[in-house]
Colleague: 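The following block contains the structure, expressed as structure tokens.
We use all heavy atoms of the structure for the numbers below, so side chains are in, but hydrogens, waters and symmetry mates are not.
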Amino acid sequence: MSKGKSKTLFDLIKSLDKNEKRYFKRFMLSGGQQEDRKVLLLFDLINTQPEFDEDKLLQEEPSLKPSQLSNLKAYLYEKILQSIRQFHLAKMGDVQIREQIDFAQLLFNKRLYQQGLSCLRKAKKLAIANGNLELQLEIIKLEKRILLFTNSHGTTSQVDEIIRETSQITEQINNINVFSNLAIRLNSLYTRIGYIRNEHEYLKVKDYFHTTIPPIEEEKLSSIEKIYLYRLYVGYYFFIQAFENGYTAAQRLVALYESMPLLLQGNIESYLQALNSLLIAQNKLYKYAEFVETNQKLHSIDLIPSVHINESIRIRLLKYYYVHEINQYFMTGDFSKGIEVIMNGHEKQILQLMDVLDKHSVLIFYYKIACLYFGASQFRHAVRWMGGIINIPNADMREDLQCFARIITLIAHFELDNRDVIKYYIRSTYRFLLMKEDLHLFQKYILGFLKKLHDDPDEEELTRRFVELRNQLLPLLNSEYEKRAFLYFDMISWLESKIEKRSVQAIIQEKAALRLI
């Protein structure tokens, strides 16, 4: 086993929880073979290491020979996977379905056809409950094989039913492939640029969407097809900032899962994504009471019967918990409390979480946390967290967040009275915005305002300029594409705080109190 594969083995062992490790040991001891005991010894040695060190393993245990080690590691890796599969069998619908299919194939090979068909019936029932079309199709292929390989070719009604099921499932799979392919294409573009920036991008995306998606009679779609369709709609409407439509699609998606408990239990991560989408829409539309209710569902996932919280689900849940807790403080404008509760209480946990998240999720955390600090008037911390976005090595991800991170950093430096830094930053920000084709009126007005600060205006003149900038920006709230800028930063509230000589938190809280009645 190569060094890379040894690291893979080490990571696998470290990913096991206490119950999985305990089960693995019982699993190995049940074999009773001498080789299994040696593999178990290797497992224990690796499990105690903070980092994988093969030389140290051999020093600590002379019975492990260098010539044997590669095969032992490969065998150990295979046995761990087998034990994990066995341990989680009752909690994983797809694994149970495949097990019944495997049993059926073994029985067919022994010409025990009725017993094999009984296993297939169990598998099909599970596959339908879990909405797994691919495995349903695999089961039907085996049913066809039995009809062909035995001399009892079935009744006409049996043959017709199998042909009908094959055509129906094939059509459903084709629809799902179209929906999911379109969804990942749009998501890829969104991950790169963020929300649609101008009419050219909007028309291009709209045309691609409507020419790619086939004619749909929604009432004729199966539940699993609707799930993929609603997911697609959510992503598309969010992308083009049609949040009301996205909200409706997210509501339908959540309601569909909740109307089918077995489907929900077998697709818990997809249900979490649906709740996340609904929370995003409720946040954007300031539906605070609904947001709180949906957030409670997110926090009650472990109360759903037969739900197993594996490591992947645990990480996803943590991400959603923290993101939407921050969003809730954004909605109420209570940034100081957000800092106290989230950052002062959980910063270490958030940093640990960010170590295992994808880069896109990490960028979102950086941006939201920075804005939380800005809203609490803790501008140095805001600059520090925005730096995590500005200094990322891959500048082709979420160009929108990178652009607005630079704008907000400039404003934070203004608050910190770092005039020399502003002069330098304006030039680099102009270059970046031009390179990313994101120099719109919103950005031009703000950069123009900051650029004129070199003449060191007095307080009265500065207030006049704040009023002028606010008057320039207010019409953009009704502009189809310029209004997107206010999704990233409430510039109007910040300007009003400077004009009225109050904190931006106080201004936003007043607006929130009226909005959330």
Colleague: Any salt bridge between Glu138 and Lys141, counting N to O under 4.0 Å?
Modeller: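 Salt bridge between Glu138 and Lys141, a charged N being under 4.0 Å from a carboxylate O: no.
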Colleague: Does NZ or CZ of Arg398 come closer than 6.0 Å to the centre of the six-membered ring of Tyr190, within 45° of the ring's axis?
Modeller: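 Ring-cation test returns yes.
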Colleague: Tell me, yes or no, whether the heavy-atom count around Tyr373 atom OH, taken from other residues, nucleotides or ligands under 6.0 Å, exceeds 12.
Modeller: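 Counting neighbours around OH of Tyr373, more than 12 heavy atoms of other residues, nucleotides or ligands fall under 6.0 Å, so yes.
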Colleague: If you measure only the distance, is there a donor-acceptor pair under 3.5 Å linking the side chains of His88 and Glu20?
Modeller: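 Note: His88 and Glu20 side chains meet the donor-acceptor criterion.
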Colleague: Would Glu99 and Lys122 pass as an ion pair if we require N to O under 4.0 Å?
Modeller: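 Looking at Lys122 together with Glu99, the answer is no, because their closest N to O distance does not fall below 4.0 Å.
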Colleague: Any carboxylate oxygen within less than 4.0 angstrom of a Lys/Arg side-chain nitrogen, looking at Glu225 and Lys220?
Modeller: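 Salt bridge flag = no for Lys220 with Glu225.
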Colleague: Show your reasoning for whether salt bridge (Lys or Arg N to Asp or Glu O under 4.0 Å) applies to Glu161 and Arg164.
Modeller: CA-CA 5 Å; Glu161 178 63 16; Arg164 184 195 67 77; 2.7 Å; yes
Colleague: Whether the Asp94 and Asn132 side chains hold a donor-acceptor pair (N or O, under 3.5 Å, no angle test) is what I'd like checked.
Modeller: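 Checked: Asp94/Asn132 side chains pair up, N/O donor to acceptor below 3.5 Å.
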Colleague: Answer with yes or no whether the side chains of Asn327 and Lys368 bring together a donor and an acceptor at under 3.5 Å.
Modeller: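 Side chains of Lys368 and Asn327: pair found under 3.5 Å.
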Colleague: What verdict does the salt bridge (Lys or Arg N to Asp or Glu O under 4.0 Å) test give for Lys337 and Glu340, after you've listed the backbone C-alpha separation in whole Å, the side-chain angles of each residue and the deciding distance to 0.1 Å?
Modeller: CA-CA 5 Å; Lys337 187 176 180 182; Glu340 179 185 347; over 6 Å; no
Colleague: Classify the ring geometry between Phe243 and Phe238 as parallel (under 30°), tilted (30 to 60°) or perpendicular (over 60°).
Modeller: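 Tilted.
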Colleague: A quick test of your reading: do over 12 heavy atoms of other residues, nucleotides or ligands sit less than 6.0 Å from CZ of Arg185?
Modeller: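 12 or below, so no.
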Colleague: If only side-chain N and O atoms count, and only distance matters, is there a donor-acceptor pair under 3.5 Å linking Lys73 with Ser6?
Modeller: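 The answer is yes; a qualifying pair exists.
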Colleague: Indicate yes or no: at least one non-hydrogen side-chain atom of Tyr367 is less than 4.5 angstrom from one of Tyr488.
Modeller: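 In short, these two side chains touch, coming nearer than 4.5 Å.
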Colleague: Determine whether the side chains of Thr248 and Glu244 contain a donor N or O and an acceptor N or O closer than 3.5 Å.
Modeller: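 Absent: no donor and acceptor within the cut-off.
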Colleague: Can you find a side-chain donor-acceptor pair between Arg231 and Ser270 that sits under 3.5 Å?
Modeller: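 Yes - a donor-acceptor pair under 3.5 Å links their side chains.
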Colleague: Which of parallel (below 30°), tilted (30 to 60°) and perpendicular (above 60°) describes His324 and Phe291?
Modeller: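 Perpendicular.
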Colleague: Would you say the side chains of Tyr271 and Glu258 form a donor-acceptor pair under 3.5 Å?
Modeller: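 Short answer, yes.
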Colleague: Which label fits His210 and Tyr236: parallel for a plane angle under 30°, tilted from 30 to 60°, or perpendicular past 60°?
Modeller: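 Answer is perpendicular, since the angle exceeds 60°.
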Colleague: What's the shortest heavy-atom distance between Cys371 and Met386, and which atoms?
Modeller: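 Closest approach of Cys371 to Met386, heavy atoms only: SG-CE, 3.9 Å.
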Colleague: Scan side-chain atoms only and decide if Thr294 and Gln282 contain a donor-acceptor pair under the 3.5 Å cut-off.
Modeller: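 Indeed, the side chains of Thr294 and Gln282 share at least one donor-acceptor pair under 3.5 Å.
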Colleague: Distance alone, cut at 3.5 Å: any donor-acceptor contact between the side chains of Glu269 and Gln273?
Modeller: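 Their side chains do not contain a donor-acceptor pair, so the 3.5 Å distance test is not met.
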Colleague: Side-chain contact, heavy-atom cut-off 4.5 Å: Phe209 with Leu232?
Modeller: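 In contact.
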Colleague: For residues Glu290 and Tyr247, is any side-chain donor paired with an opposing acceptor at under 3.5 Å?
Modeller: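 There is such a pair between these side chains.
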Colleague: Is there a side-chain contact between Tyr320 and Ile315 in this structure, where contact means two heavy atoms from C-beta onward sitting under 4.5 Å apart?
Modeller: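 No, their side chains stay 4.5 Å or more apart.
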Colleague: Please state whether the rings of Phe330 and Phe335 are parallel, tilted or perpendicular, taking 30° and 60° as the class boundaries.
Modeller: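 Because their plane-to-plane angle lies in the 30° to 60° range, the rings of Phe330 and Phe335 count as tilted.
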Colleague: Is the shortest side-chain heavy-atom distance between Leu353 and Leu357 below 4.5 Å?
Modeller: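 In contact.
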Colleague: Are side-chain heavy atoms of Ile313 and Asn310 found at a separation under 4.5 Å?
Modeller: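 SC-SC contact between Ile313 and Asn310 confirmed.
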Colleague: Can you confirm whether Met354 sits close enough to Tyr366 that some side-chain heavy atom of one is under 4.5 Å from a side-chain heavy atom of the other?
Modeller: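 Counting from C-beta outward, Met354 and Tyr366 do come under 4.5 Å.
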Colleague: Please enumerate all residues that pass side chain to side chain contact (heavy atoms under 4.5 Å, CB included) together with Lys21, with sequence neighbours excluded.
Modeller: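 Side chain to side chain contact (heavy atoms under 4.5 Å, CB included) list for Lys21, sorted by chain: Leu16, Phe43, Asn47.
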Colleague: Is there a side-chain contact between Ile240 and Tyr237, using heavy atoms and a 4.5 Å cut-off?
Modeller: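 The answer is yes, as the side chains (C-beta and beyond) meet within the 4.5 Å cut-off.
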Colleague: Under 3.5 Å, side-chain donor or acceptor atoms of residues 100-107 against the rest of the protein: list the pairs with distances, not counting sequence neighbours.
Modeller:
none

Colleague: Can you tell me how far the CD atom of Glu134 sits from the CD1 atom of Ile97, to the nearest 0.5 Å?
Modeller: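 Rounded to the nearest 0.5 Å, the CD-CD1 separation comes to 10.5 Å.
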Colleague: Output yes when Lys226 and Glu218 qualify as a salt bridge under the 4.0 Å nitrogen-oxygen rule, no when they do not.
Modeller: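 No.
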Colleague: Is the terminal nitrogen or CZ of Arg26 (NZ for Lys, CZ for Arg) located under 6.0 angstrom from the six-membered ring centre of Tyr23 and within 45° of that ring's axis?
Modeller: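 Cation-pi check for Arg26 and Tyr23: fails.
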Colleague: Is the closest side-chain donor-acceptor distance between Asn245 and Tyr233 under 3.5 Å?
Modeller: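 Side-chain D/A pair, Asn245 to Tyr233: absent.
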Colleague: Would you find more than 12 non-hydrogen atoms of other residues, nucleotides or ligands less than 6.0 Å from Lys14 atom NZ?
Modeller: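 Atom NZ in Lys14 is packed in, count exceeds 12.
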